[in-house]
Amino acid sequence: MSVERFLKQRAVSIAVDGSYTLPNWYDCEGRLRTFACRTTRVSPFRMIVDVPVVGKVGDRLSSYFRDFGKFSGSISDTMDGSFLLELEMTRPQRERLADKLTWLEKKQADPSMAEARQHPRFHPPSSHTTLTLADGNTHSCFIIDLSLSGVAVSSELQPLVGTPLAIGGCVGRVIRVFHSGFAVQFVEEYRLSDLTRLVSRELAPARTSQPDNAEEVPA
């Protein structure tokens, strides 16, 4: 199915954090790379997912989402920075997902159902931005979450702890690496009114390249 057709179908517009693996994407130790992702629109049959690495139509992948659990599926259409995932599941699984989506939709519409605790991290309006290294090389990256003092991102690039870089216009240093990305601490704490503007920047098309420690192996 195409994204255009899916947008005309009944679905829930919701942001749920997750992770996924693509076929033939390995790290320097020969293990499948795990990337972070986030849903933008979900039905019991398919979902649109914002991602750092899009993959190809027909790719089968495994994914995990915090509120939904594990999914397998295949990419049926792609856009800039996202893909449409066809979900492979049994009828009982689809029914459970439909019930979960109904509950989440009600939760979004009713502030009284929201969790009481305050979350210091949040999602910016745009999930995609640029990563600039000290030598000036730029790469695209996906924002997992954001705070006034730092950001967690997922990217083809796998920098080491201590690497200085900029996410959008916010300068910082890698302080932690985890299975689907890495965390950057800013050199200064930003005001909320400035942060989302500074962190979101589009990548110039000709500057990005696949890093040396990530290899795409032909199927």
Side-chain angles (χ1 to χ4, degrees), residues 12-20 34-42 47-54 64-68 79-82 101 103-134 136-205 207-208:
V12 178
S13 296
I14 190 167
V16 175
D17 290 330
S19 60
Y20 69 105
T34 300
F35 300 100
C37 62
R38 185 177 303 119
T39 66
T40 60
R41 183 177 173 84
V42 185
M47 59 175 65
I48 295 176
V49 188
D50 274 353
V51 294
V53 179
V54 174
Y64 174 82
F65 294 92
R66 181 193 62 208
D67 290 336
F68 302 139
M79 298 181 293
D80 186 22
S82 64
L101 288 171
W103 184 85
L104 289 171
E105 190 172 33
K106 289 179 179 178
K107 182 180 177 181
Q108 279 192 148
D110 184 359
S112 67
M113 295 179 66
E115 296 177 6
R117 67 188 177 96
Q118 295 295 315
H119 297 281
R121 290 188 172 271
F122 60 94
H123 298 153
S126 174
S127 299
H128 296 91
T129 187
T130 59
L131 181 163
T132 307
L133 298 173
N137 285 326
T138 58
H139 303 261
S140 63
C141 68
F142 173 86
I143 299 173
I144 300 172
D145 56 34
L146 181 65
S147 75
L148 300 182
S149 60
V151 61
V153 301
S154 186
S155 172
E156 294 181 20
L157 185 72
Q158 292 181 298
L160 300 175
V161 171
T163 301
L165 47 76
I167 304 297
C170 300
V171 177
R173 188 176 296 273
V174 177
I175 59 169
R176 184 165 60 92
V177 175
F178 47 92
H179 77 286
S180 61
F182 53 94
V184 174
Q185 182 174 0
F186 299 141
V187 296
E188 61 178 299
E189 187 170 303
Y190 292 93
R191 294 184 303 175
L192 181 60
S193 57
D194 296 329
L195 184 58
T196 53
R197 173 180 55 83
L198 288 170
V199 82
S200 298
R201 288 186 177 178
E202 295 296 327
L203 180 66
R207 296 292 301 279
T208 188

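What you see is a predicted model; the values in this text were computed from it and never measured. For the numbers below, each heavy atom of this structure counts, side chains included, while hydrogens, waters and symmetry mates do not.
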- request: Working to the nearest 0.5 Å, report the span between CE of Met47 and CZ of Phe65.
  value: 4.5 Å
task: Please check if atom CZ in Arg66 has more than 12 non-hydrogen atoms from other residues, nucleotides or ligands closer than 6.0 Å.
output: yes
message: Quick check for you: to the nearest 0.5 Å, what is the distance between Ser155 atom OG and Leu165 atom CG?
response: 10.0 Å
query: Hey, what do you get for CG (Asp17) to OH (Tyr64), rounding to the nearest 0.5 Å?
result: 11.0 Å
statement: Between Ser82 and Val51 the two heavy atoms that sit nearest each other are CA-CG2, 4.0 Å
- line: Leu195 and Cys170 have their tightest heavy-atom pair at CD1-SG, 3.9 Å
field: Considering all heavy atoms, the nearest Gly81-Val54 contact
entry: N-CG2, 3.8 Å
query: For the atom pair CZ (Arg173) and OG1 (Thr163), what is the distance rounded to the nearest 0.5 Å?
result: 8.0 Å
statement: Nearest heavy-atom contact between Ser154 and Ser180 is OG-O, 2.7 Å
- prompt: Between His139 and Leu157, is there a donor-acceptor pair closer than 3.5 Å when you use the side chain of the first and the backbone of the second?
  reply: no
message: Is there a side chain to side chain contact (heavy atoms under 4.5 Å, CB included) between Phe142 and Val53? Walk through the geometry before answering.
response: CA-CA 9 Å; Phe142 173 86; Val53 179; over 6 Å; no
- prompt: Which residues satisfy the ring pair (Phe, Tyr, Trp, His ring centres under 6.0 Å) test with Tyr190, sequence neighbours excluded?
  reply: Phe186
field: 4.5 Å side-chain heavy-atom contact, Leu104 and Val12
entry: no
field: Residues which pass salt bridge (Lys or Arg N to Asp or Glu O under 4.0 Å) with Asp50, listed by chain and number, not counting sequence neighbours
entry: none
- request: Return the minimal non-hydrogen interatomic distance between Thr129 and Ile167, and the atom names on each side.
  value: CG2-CG2, 3.7 Å
- prompt: How about Ile14 and Thr39: do any of their side-chain heavy atoms sit closer than 4.5 Å?
  reply: yes
- request: Not counting sequence neighbours, which residues clear ring pair (Phe, Tyr, Trp, His ring centres under 6.0 Å) with Tyr20? List them please.
  value: Phe35, Phe83
- request: Can you measure from CE (Met79) to CD1 (Ile48) and round to the nearest 0.5 angstrom?
  value: 4.5 Å
- request: Output, in order, the C-alpha distance, side-chain angles, deciding distance and verdict of side chain to side chain contact (heavy atoms under 4.5 Å, CB included) for Leu192 and Leu148.
  value: CA-CA 7 Å; Leu192 181 60; Leu148 300 182; 4.0 Å; yes
statement: On a heavy-atom basis, the closest approach of Ala152 and Phe178 is CB-CZ, 4.1 Å
- line: Interatomic distance, CZ@Phe182 vs CG@Leu131, rounded to 0.5 Å, equals 5.0 Å
